[in-house]
Amino acid sequence: MSFTPNQNQILLIGSSLLVAFWIFGYDGITFSDDIYYILTGHAFWNGENVLNSYHFSSRFGSYFLSGLATKLLGLNDRFASLPTLLAYVFSLFVIIKSLKLRQQQIWASAFFVTHIYFLHFLPKVYPDGLLVFWIVLIPFASIYRTLKPILSAFILVLAMLIGFMTKETIIYLFPFPVILFLLDWKGRKPVKFHLWVGLFSVILGSLYLGYYWYVFGDAFYRINTVNAGHYISEFTYNDKGWQSVLKRLTIIPMVTFVERSYWIWLILAIPGMYLGLVKKQKVAFEYSLALICLLLGFWFMTTNLGFYNPIYLNPRHLIILIPILAVLIGFGWKYWLEKNVSSTYFGIAILLGAAIGFIVGDYKNSAFLIVFGCALIFIGKSKLWLKKSLICCMLLIAVILSFQYQRQLKNYPKFMQELQTAVASPDQKILVVNNFVHFSREVLLPNDSINQEKLFAIEEIKKFENLVPDDFGLLIYNYYKHAYPQEGPDVEAFLELTEKMGYKITEKKESQWVVFYSFSKN
């Protein structure tokens, strides 16, 4: 006799897995935008004016709650990521509430809590993790548009607004209520919900734009700063010719979905989309429409209004797809799991992803896709228990292996130990570090201005030549080779400079992750 958990048990199990990964899957800060959000949120709750022309500063939703957490509990990136954990748990609750059948809830939850990139940003401070909740709340609210038109309209518009205040990528869902209205109008369905959506949009939108008009004299200040925030980098396309743009619009999305582990989720969501868009089944219809809006936005929308430049498909940007995909996977679970014929087709589609992985040299993902696809193709309904068990085991194993890989690659505790030891030395007046470490000093060494000032960015060669200290330390975190390879020349240039200036190495400690040198002129 098999155990089938009820709704509360599913929520408890799923939430427990999320909490467990938040605790045990932590691998440190990312030394990037997360630093800005942590410090800005903390400064905001300390009464500082953080709003300026930098478009990240207008993302109130991205640092409001994390700042509150650090204000109450102390400046620490672990505390700052608590709102992300809550956003994931609340999203899981919404997903379960969206579905009626237990098997639907089980499979939706299973695929929600096991996507490796989705989980990677769970213990981090990024707006994308918070946006997950506001994204899933939009189609969820629309499900009740006939039963509770005023409340559902208010929740939808509020989710849109707070989502936009968190990160601009929620604009991919802005067409959602418009398309929903047109389809409901065509189907002669009640429009009371849509009238209230329009009214609440005017009221809340006016308050939002009015705030910027009052503070900056420009109601569209936020939009203009976002547009001005475009910058040329290795991740932009318009500056590299039409061939680069064409590749981004054709090949890159497919490869990204395979390499970043979204392929299975997209394939298994197809039955749910079929039931929603073709069979017009409630819940599946709303979530399918939301998924189409998100995919089209990611695929084609520009990052700048002055010229066409599609967004870079960072796996972090794409995690907002996961709650929508999870609902659709759960809704159509019988088609990809129980029905032998359709299960075979979806298995073949997954093998196609494996072929893409082999072509681009992603053999690990290809092997995973092959096993998963073969499970769908060759394990029939007579051995459904085996298919279910294998799928669940594969999802969990992928999560565990990804965590172990990241932990081995980064070894954040080892880095922190070496950093704290180096700055604690009374003889260590200057400690030269990687640029990304120097950038993150206020989070790495919170409320420790003395030791923060000891850290010196390795790229500041001219400034170092002017200082000419008698003794100093150099700490290199080898994680730069993976995350910030562009800093490699800075390391080489600085080591050449020390030799040129006559410094001698008096001490050297080296591990796979961290290298420490002590230099002296004497």
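This chain uses plain numbering: 1 for the first residue, then up along the sequence. Because only heavy atoms are used, hydrogens play no part in the values below, and waters and symmetry mates are left out as well, while side chains stay in.
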query: Are the side chain of Thr84 and the backbone N or O of Val125 linked by a donor-acceptor pair below 3.5 Å?
result: no

task: Indicate yes or no for a side-chain donor-acceptor contact from Tyr88 to the backbone of Phe118 under 3.5 Å, with no hydrogens or angles considered.
output: yes

His115 side-chain N/O to Ser261 backbone N/O, donor-acceptor pair under 3.5 Å: yes

field: Test of ring centre spacing under 6.0 Å for Tyr54 and Tyr36
entry: yes

task: For this output row, return yes or no: ring centroids of Phe154 and Trp196 closer than 6.0 angstrom.
output: no

- prompt: Any side-chain donor-acceptor pair under 3.5 Å between Asp362 and Asn365?
  reply: yes

- prompt: Looking at Leu266, Ile267, Leu268, which hits side-chain contact (heavy atoms from CB on, under 4.5 Å) with Ile264?
  reply: Leu268

- prompt: With the threshold set at 4.0 Å, does a side-chain nitrogen-carboxylate oxygen contact exist between Asp184 and Arg145?
  reply: yes

field: Derivation and outcome, ring pair (Phe, Tyr, Trp, His ring centres under 6.0 Å), residues Tyr308 and Tyr237
entry: CA-CA 9 Å; Tyr308 184 67; Tyr237 303 95; 9.5 Å; no

query: Does a side-chain heavy-atom distance below 4.5 Å link Phe220 with Tyr212?
result: no

message: With side chain to side chain donor-acceptor pair (under 3.5 Å) as the criterion, how do Thr303 and Asn309 come out once you've worked through the C-alpha distance, each side chain's angles and the decisive distance to 0.1 Å?
response: CA-CA 6 Å; Thr303 62; Asn309 181 73; 3.0 Å; yes

message: Under a 4.0 Å threshold between the charged nitrogen and the carboxylate oxygen, would Asp27 count as salt-bridged to Arg407?
response: no

message: Set out, in order, the CA-CA distance, both residues' side-chain angles and the distance that settles side chain to side chain donor-acceptor pair (under 3.5 Å) for Tyr287 and Ser98, then state yes or no.
response: CA-CA 10 Å; Tyr287 277 88; Ser98 297; 2.7 Å; yes

field: Aromatic plane relationship, Tyr144 with Phe140 - under 30° parallel, 30 to 60° tilted, over 60° perpendicular
entry: perpendicular

Tyr412 and Tyr26 aromatic ring geometry - parallel, tilted or perpendicular at 30°/60° bounds: perpendicular

- prompt: Is the Lys NZ or Arg CZ of Arg222 less than 6.0 Å from the centre of Phe164's six-membered ring, within 45° of the axis?
  reply: yes

message: Which label fits Phe31 and Tyr479: parallel for a plane angle under 30°, tilted from 30 to 60°, or perpendicular past 60°?
response: tilted

Option passing ring-ring contact (aromatic ring centres under 6.0 Å, His included) with Trp336 (candidates Phe111, Tyr274, Phe331, Tyr345): Phe111

task: Check whether any side-chain heavy atom of Met254 lies under 4.5 Å from a side-chain heavy atom of Trp263, and answer yes or no.
output: yes

- prompt: Taking 4.0 angstrom as the limit, do Lys387 and Glu338 come out as a salt bridge?
  reply: no

query: Parallel under 30°, tilted from 30 to 60°, perpendicular over 60°: which one fits the rings of Phe56 and Tyr37?
result: parallel

- request: Report yes or no: is the cationic atom of Arg102 (NZ for Lys, CZ for Arg) closer than 6.0 Å to the six-membered ring centre of Trp107, at no more than 45° off its axis?
  value: no

- request: Would you check if the distance from the ring center of Phe121 to the ring center of Tyr117 is below 6.0 Å?
  value: no

